[in-house]
Amino acid sequence: MYRYDSYDKTLVLERVEEFRDQVARRLTGALTEEQFRPLRLMNGLYLQLHAYMLRVAIPYGTLSSDQMRKLAHISRRYDKGYGHFTTRQNIQYNWPELEDVPDILAELAEVEMHAIQTSGNVIRNVTTDHFAGVARDEVADPRPYAELIRQWSTLHPEFSFLPRKFKIALTGAEQDRAAIRLHDIGLKLKRREDGDIGFEVIAGGGMGRTPMIGPVIRAHLEPEHLLSYLEAILRVYNQHGRRDNKYKARIKILVHELGTDEFTRQVEAEWARIKDGPLTLPEAEFRRIQAMFAPPPYEATDGSDSRFEKSLAGDTAFAAWVDRNVHAHRAPGHAIVTISLKPHGGIPGDASAQQMEIVADLAERFSFGEIRVSHEQNLILPHVKKSDLYAIWWSLLSFGLGTANAGLLTDIIACPGLDYCSLANARSIPLAQKIASRFDDGERLRNIGDLKIKISGCINACGHHHVGHIGILGVEKKGEELYQLMLGGSGAEDASLARITGRGFSEDGIIDAIETVVDTYLNAREEGEDFLHTYRRLGAEPFKRAIYSGETSK
Amino acid sequence: MNAKILSAHDLRSGLVVYLTSEGGWSRKLVRAAPATDERTEARLLDLSEQAIGGNRVIEPAFIDVDWRETGPVPARLRERIRADGVPTIMPEIPGVAAE
Ligand code: SF4
């Protein structure tokens with residue numbers, strides 16, 4: 001994992017002390033709220049529906065055991081004993097008091113973490129594939145590049161006041177687990193036919209009010225030019241992005257309005273001016289960073305493991321968990337474990353302090369002290385020996401972390417919604433809970449197979465409803481919650497935007513509608529066909545007919 | 001009867017508070033002072049300006065309520081959830097429920 005150098009350390013510590021001073025001045029009244037608000041937002045402190053909320057960055061979703069323990073400690077000491085892992089691989093605390101925030105930030109700095117640029121019109125926390133560095137289908141590890149982007153974008157003076165927020169996602173794998181086509185910039189490491197590795201560059205994707213799948217603006221970018229090319233994109237955006245209208249200020253609108261060709265032309269022209277300048281990656285520095293992401297010293301095995309095979313054969317519950325929550329690893333005899341933060345009846349993405357500590361301990365014992373946060377709001381142990389899986393599973397079960405539902409219908413992404421968020425129109429979490437209780441049957445879930453439900457409590461789409469196989473958007477109608485149903489989205493390599501089925505539903509109505517959609521799929525699917533493919537084969541009609549025909553007015 | 005009450009957040013804790021008829025701030029919705037005409041609204045706003053000046057609260061805003069025998073009931077679900085002080089899915093969370 002990356003370790004701070006003295007520059008990183010100084011920068012973060014200075015920022016903590018600066019904020020401590022600002023909070024003190026706010027409390028005495030020397031700073032008004034108008035003056036203070038932008039300062040607190042720069043440090044990740046929002047005011048939400050019930051209280052302040054502190055958003056802490058987890059750079060590219062990678063955490064050490066020590067960092068996870070610190071997150072647990074902070075939740076216990078300064079908050080209400082839990083935290084919420086978000087779709088941006090960050091963590092949010094829902095109840096910090098203003099006076100405590102400088103201390104929280106100082107504690108975070110002790111473990112090389114911070115909340116800088118988790119708000120505001122800046123380049124936000126860079127996200128990656130949560131299986132980065134261990135996935136079998138990976139061409140190269142994107143994390144060293146993600147770290148370079150983090151360094152380049154942190155407090156970048158030219159990009160501190162962008163027209164709107166800006167999100168960059170990377171992957172090095174064929175399967176897109178980072179939703180790169182739905183980000184302001186998406187980067188994919190690919191091997192060309194001649195063997196050279198480079199980035200496919202996507203720009204102008206996004207969700208929110210106007211969802212767009214980003215077009216490829218460059219098929220192959222040599223890695224040493226990554227930062228200059230990003231700088232060129234940001235410059236074009238910074239100059240021409242629509243500052244006149246908040247709703248049109250994201251880069252996707254600019255790319256759309258200019259057209260991909262013209263946007264690309266402008267980027268390339270800007271790039272031609274700065275290419276081969278000071279932003280060209282110095283080989284030695286890159287090697288230094290890359291070395292910090294070198295694979296851990298895996299125990300050499302031939303990949304066979306009789307102990308694991310025996311547990312698998314002897315324990316069907318364990319086998320069901322392995323089937324869903326354990327993924328192929330590039331090192332023989334090893335596996336990637338997905339720890340579900342979606343227990344049926346729980347709150348998607350929430351973890352208690354105790355659960356965080358358990359995960360930290362398990363990572364330390366079994367995963368070289370490393371943890372990942374996925375954008376699907378689960379935690380990952382990336383380097384587990386297969387022979388340890390059975391013991392890990394039992395420990396997870398004991399602490400409510402052993403749900404065998406990764407990628408299944410109840411592995412729901414849900415934004416905080418109207419239970420926490422001041423922008424929300426409707427609640428998301430109770431809906432996720434009700435769906436889970438309606439489908440609370442492992443066999444049924446496994447029979448249904450891969451199905452991603454994503455719920456947002458408003459048009460901002462933090463719950464990624466546009467790319468849910470089944471997406472749900474909460475709206476407010478006459479003071480009540482109403483839910484719109486959307487079908488057929490995907491945030492993966494076959495990205496598509498979900499389409500609305502028709503008029504909305506009450507909370508109970510939408511649960512029934514989902515069940516109808518699932519039943520329609522089960523009746524119509526062909527051998528081995530998952531939900532999304534059945535939907536794509538049949539189109540929306542049979543689903544709409546089933547939902548809206550026998551419907552009593554709800 | 002339709003009325004307005006003034007809600008804000010406590011500067012230090014960030015928690016939801018309501019302006020009372022004594023000019024104080026309470027976590028309890030039932031203590032909120034109603035305004036049914038513009039003059040009272042202006043008076044409440046004036047009190048809240050003083051509280052902001054006195055550095056107690058932030059982000060004051062009027063909310064619509066239905067004033068019943070038992071007290072105010074906010075018109076919007078959002079405000080009913082805010083008045084509870086806790087997320088609907090965690091009513092037991094300690095130390096923040098408005099009761
Ligand atoms: S989607 Fe809307 S309701 Fe949900 S967290 Fe984002 S802003 Fe809040």
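This one's a predicted model, so the numbers in the text were calculated from it and none came from an experiment.
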A/Phe36 and B/Ile58: CA distance, side-chain angles, deciding distance, side chain to side chain contact (heavy atoms under 4.5 Å, CB included) verdict: CA-CA 11 Å; A/Phe36 180 66; B/Ile58 54 176; over 6 Å; no
Step-by-step side chain to side chain contact (heavy atoms under 4.5 Å, CB included) determination, A/Asp419 to B/Met90: CA-CA 9 Å; A/Asp419 279 296; B/Met90 284 184 114; over 6 Å; no
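Heavy-atom neighbours of B/Glu38 CD from other residues, nucleotides or ligands within 6.0 Å: at or below the threshold of 12. The neighbour count for A/Arg25 CZ, taken as heavy atoms of other residues, nucleotides or ligands under 6.0 Å away, is above 12. Other residues, nucleotides and ligands contribute more than 12 heavy atoms inside 6.0 Å of the CD atom of B/Glu92.
Among all heavy-atom pairs drawn from A/Trp95 and B/Val86, the shortest one is CH2-CA, 4.3 Å. The nearest pair of heavy atoms linking A/Gln48 to B/His9 is O-CE1, 3.5 Å. Of all heavy-atom pairs spanning B/Arg12 and A/Tyr52, the tightest one is O-CE1, 3.6 Å. Summarising the geometry of B/Thr88 relative to A/Pro430, their closest heavy-atom pair is OG1-CG, 4.0 Å, with the distance given to 0.1 Å.
Highest contact tally toward chain A, considering only B/Asp10, B/Ile93, B/Val16, is held by B/Ile93 [criterion: heavy-atom pairs under 4.5 Å]. Contact count against chain B (heavy-atom pairs under 4.5 Å) is highest for A/Gly29 among A/Gly29, A/Gly81, A/Ala426, A/Gly479. Considering only heavy-atom pairs separated by less than 4.5 Å from chain B, the leading option among A/Lys478, A/Arg427, A/Glu480 is A/Arg427.
In summary, the side chains of B/Arg78 and A/Asn425 do not present any donor paired with an acceptor at a separation below 3.5 Å, with no hydrogens or angles considered.
With a 4.5 angstrom heavy-atom cutoff, B/Arg27 does not touch chain A via any of its atoms. A/Pro416 does not touch chain B: none of its heavy atoms, backbone or side chain, sits under 4.5 Å away. Heavy atoms of A/Leu47 lying under 4.5 Å from chain B belong exclusively to its side chain. Of the two parts of B/Leu11, the backbone and the side chain both hold a non-hydrogen atom closer than 4.5 Å to a non-hydrogen atom of chain A. Proximity to chain B involves both the backbone and the side chain of A/Leu418, based on heavy atoms less than 4.5 angstrom apart. Only the backbone of A/Thr28 comes within less than 4.5 Å of a heavy atom in chain B; its side chain stays farther off. At a 4.5 Å heavy-atom cutoff, the contact between B/Ile89 and chain A is made by backbone and side-chain atoms alike.
With values rounded to the nearest 0.5 angstrom, B/Ser13 atom OG is found 13.0 Å from A/His50 atom NE2.
Residues A/Leu27 and B/Asn55 form no side-chain contact, since every pair of their non-hydrogen atoms from C-beta on lies 4.5 Å or further apart.
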